[in-house]
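This report concerns only the one structure given below.
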Amino acid sequence: MIKIYKYGEVSNDEIFQRVDTKTGVEDIVMDIIYNVRKNGDSALFDYCKRFDKCELKTLEVSDAEIDEAFKTVDSELIRVIEKAANNIRHFHEKQVRNSFIINDIPGVVMGQKVMPIEKVGLYVPGGTAAYPSTVLMDSIPAKIAGCREIVIVTPPDKEGKVNPVILAAAKIAGVDRIFKVGGAQAVAALAYGTESVPKVDKIVGPGNAFVAEAKKQVFGTVSIDMIAGPSEILCVADSTCNPKFVAADMLSQAEHDKLASAVLVTDSYEFAEAVSRELELQIPLLPRAEIARTSIDNNGKIIVAENNLSLAIDIANEIAPEHLELCVDNPFDYLDKIKHAGSIFMGKNCPEALGDYLAGPNHTLPTSGTARFSSPLSVDDFQKKSQYTYFSTEALSKVADDIAIFAESEGLHAHAYSATVRFEK
């Protein structure tokens, strides 16, 4: 059963304690990365046989396989995926940044040019659940950014096939290439390249502990989006909410993973008890009841800020959740008070699942409190910037002495001389 805390009656350390995400897989992942770097495709085939229980002849998904998969997916689901893709495109097109130029001083031109990252790799889970929504959320911003090549890696099933819905979503999103490889070995292949898998410049997408650790270890060789922890939801709800709705929203994340956390912050103890009862009624009805049960019992909590919704907002900011639901009347009255959250769901009719699938804003979000300094995945993550400077001889002559003064104050006399030497008589 979920724990209920009255804020101020127990220590803040207990209230704000986070899930321990230490995995102890560092050495295993290091060995996998080394093996892939050394042996390339051969290592990938071996890991596929060992972990995915299938023997592959080729790693890349063929066009014929994609076309066949597209035909097998229910047409109604295709319609929904296409609708979601359009919504995601519409939202992310607003994020595109433009290059700029400054030329307001005679002889001086400065600017910034925005360019796409050329090759990106998207990790798409395919273990206990397959997520075509992740395909859309990760590939559409990359497509809008102008990335030249978008590559997906995802584990195959025991027959050596990729989930057809993932392939259909990839076709709708415009992904260029897809490979049947998962786990830390897939991350290593993207980071260093093999005979089949191209080396990319950035790797994005969620995965299990091995995938997260691999992304951490290859960072620097390639860029990554984030080190994603277990999924989180925090609902700020007042006593006028329907407890059945709030419990359902909490379970929408609890069913993800035994390490997922679902938190309610409310201004009413009676409402807290009502949600707790609802959780007990709803959990046994879920196909993934065992996962949800473990998540709620071990990581779930309800925090009561008695008759103080403003304090509830402060508590939410302290936790800095991945998903934040403002289940209150007039939610826009509180929006400016939210300082730390990955994605904010406004009002009593905006379940987090709306953001996972259909609304348009990205669902790849900062976890584990990193919303204090991180942002959702966006077009920005698939672009890079260069800056440039031009000074004419006359323009440089006016600032050469200033450069020298600054440089010499730092003891860097060659810096100073590189500016003044141009004007020696």
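Values in this document were obtained by computation on a predicted structure and should not be read as measured data.
- Heavy atoms from other residues, nucleotides or ligands lying under 6.0 Å from OH of Tyr357 number 12 at most.
- Considering only heavy atoms from C-beta on, Leu234 stays 4.5 Å or farther from Glu325 through its side chain.
- At least one side-chain heavy atom of Val108 sits under 4.5 Å from a side-chain heavy atom of Met110.
- In Phe100, the CZ atom is crowded: over 12 heavy atoms of neighbouring residues, nucleotides or ligands sit closer than 6.0 Å.
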**OP:** Go through the steps to decide whether Ile144 and Phe382 satisfy the test side chain to side chain contact (heavy atoms under 4.5 Å, CB included), and finish with yes or no.
**Re:** CA-CA 9 Å; Ile144 292 170; Phe382 299 101; over 6 Å; no
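- No more than 12 heavy-atom neighbours from other residues, nucleotides or ligands sit within 6.0 angstrom of CZ on Phe406.
- Of the possible polar contacts, none joining the Ser223 side chain to the Lys202 backbone as a donor-acceptor pair under 3.5 Å is found.
- Annotation: side chain of Val61 is not in contact with side chain of Phe179 (no heavy-atom distance under 4.5 Å).
- Taking 4.0 Å as the cut-off between side-chain N and carboxylate O, Asp225 and Lys215 count as a salt-bridged pair.
- Defined by atom type and a distance below 3.5 Å, a donor-acceptor pair is missing between the side-chain atoms of Ser133 and Asp356.
- Just one of Gln253, Glu255, Glu352 meets the side chain to side chain donor-acceptor pair (under 3.5 Å) condition when paired with Ser231; it is Gln253.
- Between the side chain of Ser42 and the backbone N or O of Asn39, no donor-acceptor pair lies under 3.5 Å.
- A cation-pi contact, defined as under 6.0 Å to the ring centre and within 45° of the axis, links Lys6 to Tyr269.
- With Pro141 as reference, Val379 is the one residue of Val379, Asp381, Val204, Asp380 to meet the side chain to side chain contact (heavy atoms under 4.5 Å, CB included) rule.
- A donor-acceptor pair under 3.5 Å links the side-chain atoms of Asp257 to the main chain of Leu259, judged by distance alone.
- By the 4.5 Å heavy-atom criterion applied to side chains, Ile117 and Gln383 are not counted as neighbours.
- Ion pair Lys71/Asp67 not flagged as a salt bridge, since none of the NZ, NE, NH1 or NH2 atoms sits closer than 4.0 Å to an Asp/Glu carboxylate oxygen.
- Enclosure of atom CD in Gln112 by more than 12 non-hydrogen atoms of other residues, nucleotides or ligands within 6.0 angstrom is indicated.
- No side-chain donor-acceptor contact under 3.5 Å links Lys143 to the backbone of Val175.
- Distance alone, capped at 3.5 Å, is enough to place a donor-acceptor pair between the Asn362 side chain and the Met137 backbone.
- Atom NZ of Lys161 sits in a sparse spot, with 12 or fewer heavy atoms from other residues, nucleotides or ligands closer than 6.0 Å.
- The closest donor-acceptor contact from the side chain of Glu232 to the backbone of Glu322 lies under 3.5 Å.
- Between the side chain of Asn208 and the backbone N or O of Val211 there is at least one donor-acceptor pair closer than 3.5 Å.
- In this structure, Val222 and Tyr192 have side chains that are not in contact, with every pair of non-hydrogen atoms separated by 4.5 Å or more.
- Within the 3.5 Å criterion, the main-chain N or O of His256 finds a donor-acceptor partner in the side chain of Arg288.
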Subject >> Pair Val135-Leu122, side chain to side chain contact (heavy atoms under 4.5 Å, CB included): steps then yes or no >> reply: CA-CA 8 Å; Val135 176; Leu122 317 178; 5.9 Å; no
**OP:** Applying salt bridge (Lys or Arg N to Asp or Glu O under 4.0 Å), run through Lys244 and Glu278 and close with a yes or a no.
**Re:** CA-CA 6 Å; Lys244 181 181 289 189; Glu278 270 297 330; 5.0 Å; no
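- Not one N or O on the side chain of Asp249 forms a donor-acceptor pair closer than 3.5 Å with the backbone of Pro351.
- For Arg293 and Glu290, the salt-bridge test fails: no basic side-chain N is under 4.0 Å from an acidic carboxylate O.
- Looking only at atom types and distance, the side chain of Ser276 has no donor-acceptor partner in the side chain of Glu273 under 3.5 Å away.
- Residues Asn35 and Tyr47 bring a donor and an acceptor atom of their side chains to less than 3.5 Å of each other.
- Between Lys339 and Glu318 there is no salt bridge, since no side-chain N of the basic residue sits under 4.0 Å from a carboxylate O of the acidic one.
- Between the side chain of Thr154 and the main chain of Val124, a donor-acceptor pair closer than 3.5 Å is present.
- In this structure, Val275 and Met250 have side chains that are in contact, with non-hydrogen atoms separated by less than 4.5 Å.
- Under the 4.5 Å side-chain criterion, counting only non-hydrogen atoms from C-beta, Val114 is not in contact with Asn98.
- No more than 12 heavy-atom neighbours from other residues, nucleotides or ligands sit within 6.0 angstrom of CZ on Phe245.
- Counting heavy atoms of neighbouring residues, nucleotides and ligands inside a 6.0 Å radius, atom CZ of Arg177 exceeds 12 of them.
- Counted by atom type alone, Ser239 and Asp267 present zero donor-acceptor pairs between their side chains at under 3.5 Å.
- The 12-atom threshold is exceeded at CG of Asp402, counting heavy atoms of other residues, nucleotides or ligands nearer than 6.0 Å.
- Side-chain atoms of Thr240 and Asp238 form a donor-acceptor pair, as typed in the model, at a separation below 3.5 Å.
- Ion pair Asp201/Lys384 not flagged as a salt bridge, since none of the NZ, NE, NH1 or NH2 atoms sits closer than 4.0 Å to an Asp/Glu carboxylate oxygen.
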